[in-house]
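Please read through the structure below; I'll follow up with questions.
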Amino acid sequence: MEMTEQELRERVRELAPFHHAVELPHGVNTHVPDMAHRGVERTRVNTLMHHGWPQLLAAYGGSLKGLRVLDVACNCGGFSVEAIKAGADYVLGIDIVDRYLDQAEFIREALDYDNLEFRNIDVADLAPDTVGMFDVVLCFGILYHLEDPVRGMKAMSNITKRAMLVDSNLMRPKYGSRFIRNRSLWKMDVVGVGEVISESTNLWRQGSSCQFAPTERAVLDLLGFLGFAKVEFLPPVEKDLESRYYRRERGTFLAVR
Ligand SMILES: C[S@@+](CC[C@H](N)C(=O)[O-])C[C@H]1O[C@@H](n2cnc3c(N)ncnc32)[C@H](O)[C@@H]1O
């Protein structure tokens, strides 16, 4: 049953803060300024809609019509919603935090999409016989969180028929950045028990862990190793993206079979 504007607003406040600003019916938005945690919540989806997304759509002649799309580490599902809007036949968003999946499910219900599904699945468990194959895989904001990034990316690659769009934090040294950027290197951070390195990470991490931030070259080499024939770093050309993209602390890559 369609939710009224008041019901939507109440539910948004119950579930806030959302990591993605998503437009819902009756002019309601999941971004509630007085409940937001971080500025990025307002800009996240919009940034990638102007950077990375146009190149992905161009690879498919302007739309995702008729395609199966997997949104890995979907959080509250802002990119899954964009894939539906771009014409995808079916979109699956996966994440391991129930709070995010509850938010995603609320958004799905509010928008009344029946070809969108959210499931609690770990990247490590992605395989053709658990989730099937996907024409497009969105790998946003997860590579640098993985303790075993090569294995995780292999799992994603094994279910990718054609294209993967990757958006990741990058290793950005203080000195010699151009020299480092052009080499295949990873920076390892050991995160101790109870240590906070990012708010979102601490929602699913228990105990200590290792995280690896790649250079641009390392992401390109890894995607090549996974069998993608055409792999490119997408330079930030649009104005008004999140500033971390211009500083090359964050990067977006398109890999096509
Ligand atoms: C930084 S957020 C990125 C969210 C979204 N993809 C984006 O780019 O805005 C990282 C997400 O990865 C999810 N996550 C972390 N480890 C995961 C794993 N092993 N499998 C699936 N999701 C995971 C977290 O719950 C969180 O929603």
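Order of listing sets the numbers, starting from 1, for every ligand and every atom in it.
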Open item on the list: Is there a polar contact between ligand 1 and N75, counting only N or O atoms under 3.5 Å apart?
Closed with: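 Yes - when backbone and side-chain N and O of N75 are compared with those of ligand 1, one distance drops under 3.5 Å.
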
Task: Atoms in ligand 1 with a heavy atom of H19 nearer than 4.0 Å - done: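 Selected atoms, number and element: 4 (C), 9 (O).
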
Open item on the list: Judged on heavy-atom distance to atom 14 (N) of ligand 1, which of D122, I142, D98, L126 sits nearest?
Closed with: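 When every heavy atom of D122, I142, D98, L126 is considered, I142 comes closest to atom 14 (N) of ligand 1.
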
Open item on the list: Within ligand 1, which atoms have a heavy atom of Y144 less than 4.0 Å away?
Closed with: 1 (C)

Task: Nearest neighbour of atom 4 (C) of ligand 1 from the list G78, G141, A73, on a heavy-atom basis - done: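 Nearest heavy atom to atom 4 (C) of ligand 1 lies in A73.
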
TODO: Cation-pi check, R248 to Y246: give yes when NZ or CZ is under 6.0 Å from the six-membered ring centre and within 45° of the ring axis, no otherwise.
DONE: no

Open item on the list: Heavy-atom distances under 4.0 Å decide this one: backbone, side chain, both or neither, for F140 against ligand 1?
Closed with: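 Answer for F140: both.
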
TODO: May I ask you to identify, for V123, whether its side chain, its backbone, both or neither come under 4.0 Å of ligand 1 on a heavy-atom basis?
DONE: both

Open item on the list: Using a 4.0 Å cut-off to any heavy atom of F79, which atoms of ligand 1 qualify?
Closed with: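 Here the atoms of ligand 1 in question are 7 (C), 8 (O), 9 (O).
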
Task: Those atoms of ligand 1 less than 4.0 Å from some heavy atom in H145 - done: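 Near H145, the atoms of ligand 1 are 1 (C), 10 (C).
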
Open item on the list: Is the terminal nitrogen or CZ of R68 (NZ for Lys, CZ for Arg) located under 6.0 angstrom from the six-membered ring centre of F134 and within 45° of that ring's axis?
Closed with: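 Checked: cation-pi criterion met.
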
- [ ] Give yes if a backbone or side-chain nitrogen or oxygen of H20 is under 3.5 Å from a nitrogen or oxygen of ligand 1, and no if not.
- [x]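 Indeed, backbone or side chain, H20 has an N or O that close.
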
Task: Under the side-chain hydrogen bond (donor to acceptor under 3.5 Å, both in side chains) test, residues paired with D98 that sit two or more places apart - done: N120

TODO: Run the ring-centre check on H51 versus Y245 and record whether the distance is less than 6.0 Å.
DONE: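 Aromatic pair counts; centres sit under 6.0 Å.
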
Open item on the list: Is the ring pair F79/F140 parallel, tilted or perpendicular, if the boundaries are 30 and 60 degrees?
Closed with: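 If you compare the ring of F79 with that of F140, the planes turn out perpendicular.
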
Open item on the list: Tell me whether R183 contacts the main-chain N or O of F179 through its side chain, where contact means a donor paired with an acceptor under 3.5 Å.
Closed with: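 Yes; at least one donor-acceptor contact below 3.5 Å.
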
TODO: Is it possible for you to check whether R162 lies under 6.0 Å from the centre of the six-membered ring of F228, through NZ or CZ, and within 45° of that ring's axis?
DONE: no

- [ ] For D114, enumerate each residue passing the side-chain hydrogen bond (donor to acceptor under 3.5 Å, both in side chains) test, keeping only those at least two apart in sequence or located in another chain.
- [x]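 With neighbours one apart ignored, the set is empty.
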
Open item on the list: Out of all atoms in ligand 1, which are within 4.0 Å of some heavy atom of V97? Include the element for each.
Closed with: 25 (O)

Task: Test: R257 and D135 ion pair at under 4.0 Å - done: no

- [ ] Please work out whether any backbone atom (N, CA, C, O) or any side-chain heavy atom from C-beta onward of I121 is under 4.0 Å from ligand 1, and answer side chain, backbone, both or neither.
- [x] backbone

Task: Which of the ligand 1 atoms, numbered from 1, are nearer than 4.0 Å to a heavy atom of Y100 - done: 25 (O), 26 (C), 27 (O)

